[in-house]
Structures are given as structure tokens and as C-alpha cells.
Visitor: 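Handing you a structure now.
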Amino acid sequence: EPEVTQTPSHQVTQMGQEVILRCVPISNHLYFYWYRQILGQKVEFLVSFYNNEISEKSEIFDDQFSVERPDGSNFTLKIRSTKLEDSAMYFCASSGDRANTGELFFGEGSRLTVL
Amino acid sequence: RKEVEQDPGPFNVPEGATVAFNCTYSNSASQSFFWYRQDCRKEPKLLMSVYSSGNEDGRFTAQLNRASQYISLLIRDSKLSDSATYLCVVFPTSGGSYIPTFGRGTSLIVHP
């Protein structure tokens with residue numbers, strides 16, 4: 001069964017460092033998302049990506065964040081200068097249609113710990 | 001009012017019990033509704049979509065009440081393996097965003 005894969009599964013970094021989280025969405029999917037979940041809290045939307053550009057982003061997705069689809073398969077989330085409050089599980093998701101018509105497929109997540 | 005609201009629980013029930021969760025949403029124009037399941041420290045996975053007429057999948061029944069702006073999930077004959085957090089997902093939310101918005105989830109613990 002096709003799946004969304006994410007790397008790394010866990011990353012520990014120092015405050016102020018740059019972090020890149022990688023995702024390989026399901027190959028024929030068109031819509032890509034990053035969500036995050038702080039421990040014990042809700043799943044929060046960060047950004048959606050379609051047709052090689054950002055389609056929507058939340059207030060959380062400030063100038064410290066960026067996304068790229070550099071090679072047609074990987075979908076990356078970069079945090080330029082990490083803060084303690086960026087510690088969370090980051091989930092990548094993809095869907096074949098706009099998400100109102102179908103399922104979001106999530107990767108297993110990348111746990112980011114900022115010290 | 002929060003866009004998508006759920007009772008966090010936990011709901012603590014014995015095996016075999018029937019349990020129901022509600023989820024309220026604020027945008028009367030919302031079109032699509034889903035229930036996802038999330039196991040501890042894992043990714044969310046789709047449990048079922050919620051259709052206007054209500055739908056059933058085995059022991060799980062989902063209903064939509066547009067007038068009162070809530071959706072519900074009923075689990076019959078609970079199993080130990082049903083222990084998880086159940087996430088309500090709605091969109092569009094206010095402002096017409098086409099992004100699925102998650103409630104904070106309702107925790108279910110099924111005990112022997």
C-alpha cells in the first residue's frame with residue numbers, strides 16, 4: 001500500500017539552528033500539507049502546497065518557515081532558526097484530491113526537540 | 001466559539017460498552033466532515049467520512065446534524081483495540097479555508 005514517508009523520525013537540535021524535515025508524499029497525489037502537534041495538544045495546520053506553490057498557510061507559518069518541492073518527489077519543511085516552542089511532532093500529509101473529497105494520508109511524523 | 005470543538009474526555013468504558021462522541025463546528029457553511037483516529041504518538045488515520053444521511057461501518061456509526069452543527073461518532077461493542085484519540089475534522093471553516101481543521105480529539109480508554 002502506498003504511504004507517505006518522513007525523515008528523520010526524531011531530530012534534536014539547539015535553539016537557533018536550522019532544521020529541514022523531509023517528506024515523500026504518495027506519488028500520484030497532488031496536494032501536500034504540513035501539520036504540527038505539540039505534545040498533548042491538537043493537530044494544527046501549517047501550510048498546504050499545490051502545483052508547486054503554497055496554496056494556504058496558517059498564522060503559525062511565519063517567516064521562519066519555508067517549504068519546497070525541489071525534485072518532484074520530496075516535500076520539505078525548513079525552520080530557519082528554531083525556537084524552544086517549535087518542539088513538536090511534524091506531520092506531512094498528501095491527498096489525491098482537494099481534501100474535501102477524500103482522505104488525507106499522513107506520514108508517521110518527525111519529532112523535533114529544540115533544546 | 002472555537003471552529004471545531006470536542007470534549008477531550010477521557011471516556012473510560014468497559015469492553016462491550018457503547019460510547020458516543022460529539023463534535024461541534026462553528027461554520028454553518030462547512031461541507032465536509034470526517035472522523036480520524038490517532039493512537040498515542042502516531043499519525044492520524046481516517047476512520048470514516050460523515051455523510052449527510054449518516055453512515056455505518058461495522059461497529060461505527062457517524063451522523064451529521066446540520067441544524068445544530070455537530071457530528072457524532074457511535075462505537076458499539078467496544079474493543080480494547082478501540083482505545084485511542086478520536087479526531088473530528090471539518091472544513092471549510094470560517095473564512096472559507098479549504099484546509100481540514102482538526103478538533104483537539106476525544107480520548108477513549110476501553111478497559112477489560
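Just so it is clear: chains get the letters A, B, ... in the order the sequence lines come, proteins before strands, and each one is counted from 1. Every value quoted in this text rests on a predicted model; they were computed, and no experiment measured them.
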Visitor: Does Arg104(B) use its side chain to pair, donor to acceptor, with the backbone of Gly40(A) at less than 3.5 Å?
Guide: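 The answer is yes, because a donor-acceptor pair under 3.5 Å joins these two groups.
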
Visitor: Flag yes if more than 12 heavy atoms outside Asp63(A) fall under 6.0 Å of its CG atom; otherwise flag no.
Guide: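 Incorrect, the count does not exceed 12.
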
Visitor: Is Gln6(B) close to chain A through its backbone or its side chain, or both, or neither, when contacts mean heavy atoms under 4.5 Å?
Guide: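 The answer is neither part of Gln6(B).
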
Visitor: Given heavy-atom pairs under 4.5 angstrom as the criterion, report whether the side chain, backbone, both or neither of Gln37(A) touches chain B.
Guide: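 Only the side chain of Gln37(A) comes within 4.5 Å of chain B.
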
Visitor: Quick one: do Tyr33(A) and Ile38(A) end up in the same hydrophobic cluster if we chain Ile, Leu, Val, Met, Phe, Trp and Tyr together by side-chain heavy atoms under 4.5 Å apart?
Guide: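 In one cluster with Tyr33(A): Ile38(A), no.
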
Visitor: Can you get from Ile54(A) to Leu21(A) by hopping between Ile, Leu, Val, Met, Phe, Trp and Tyr side chains that sit under 4.5 Å apart?
Guide: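 Yes, Ile54(A) connects to Leu21(A) through the hydrophobic network.
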
Visitor: Using a 4.5 Å heavy-atom cutoff, which residues in residues 74-81 of chain A come close to chain B?
Guide: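 Not one residue of residues 74-81 of chain A has a heavy atom under 4.5 Å from chain B.
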
Visitor: Any chance you could measure Ser58(A), atom OG, to Ile99(B), atom CD1, to the nearest 0.5 Å?
Guide: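 That separation rounds to 9.5 Å.
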
Visitor: Using every non-hydrogen atom in the two residues, find where Phe106(A) and Pro44(B) come nearest and quote the distance to one decimal.
Guide: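 Here Phe106(A) and Pro44(B) meet closest at CD1-O, 3.4 Å.
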
Visitor: Using distance alone, with no hydrogens and no angle criterion, decide if Glu43(B) and Gln6(A) have a side-chain donor and acceptor under 3.5 Å apart.
Guide: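 Glu43(B) vs Gln6(A): no donor-acceptor pair found between side chains.
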
Visitor: If you check every heavy atom in residues 107-115 of chain A against those of chain B, which residues fall under 4.5 Å?
Guide: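 The residues closer than 4.5 Å to chain B, in numerical order, are Gly107(A), Glu108(A), Arg111(A).
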
Visitor: Please check if the distance between the ring centroids of Phe45(A) and Phe102(B) is under 6.0 Å.
Guide: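 Centroid separation for Phe45(A) and Phe102(B): 6.0 Å or greater.
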
Visitor: Applying a strict under-4.5 Å side-chain criterion to I, L, V, M, F, W and Y, I'd like to know whether Trp34(A) and Phe49(A) cluster together.
Guide: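 Yes, because Trp34(A) and Phe49(A) connect within a single hydrophobic cluster, where side-chain heavy atoms sit under 4.5 Å apart.
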
Visitor: Look at atom CD of Glu85(A) and say whether more than 12 heavy atoms of other residues, nucleotides or ligands are closer to it than 6.0 Å.
Guide: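 For Glu85(A), atom CD is crowded (more than 12 foreign heavy atoms under 6.0 Å).
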
Visitor: Is it the case that one hydrophobic cluster holds both Val50(B) and Leu108(B), taking links as side-chain heavy atoms less than 4.5 Å apart, direct or via other members?
Guide: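 Shared cluster, yes.
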
Visitor: CG of Leu104(A) to OH of Tyr36(B): how many Å apart, nearest 0.5 Å?
Guide: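 Here the rounded value is 4.0 Å.
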
Visitor: Only one of Thr85(B), Val89(B), Leu87(B) clears side-chain contact (heavy atoms from CB on, under 4.5 Å) with Val43(A); which?
Guide: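 Going through the options one by one, the only one that passes is Leu87(B).
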
Visitor: Measure the spacing between OH of Tyr35(A) and OG1 of Thr101(B) and express it to the nearest 0.5 Å.
Guide: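 The OH atom of Tyr35(A) sits 6.5 Å away from the OG1 atom of Thr101(B).
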
Visitor: Would you say Tyr70(B) ends up clustered with Phe33(B) if hydrophobic residues are merged whenever their side chains have heavy atoms under 4.5 Å apart, either directly or through other cluster members?
Guide: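 Different hydrophobic clusters.
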
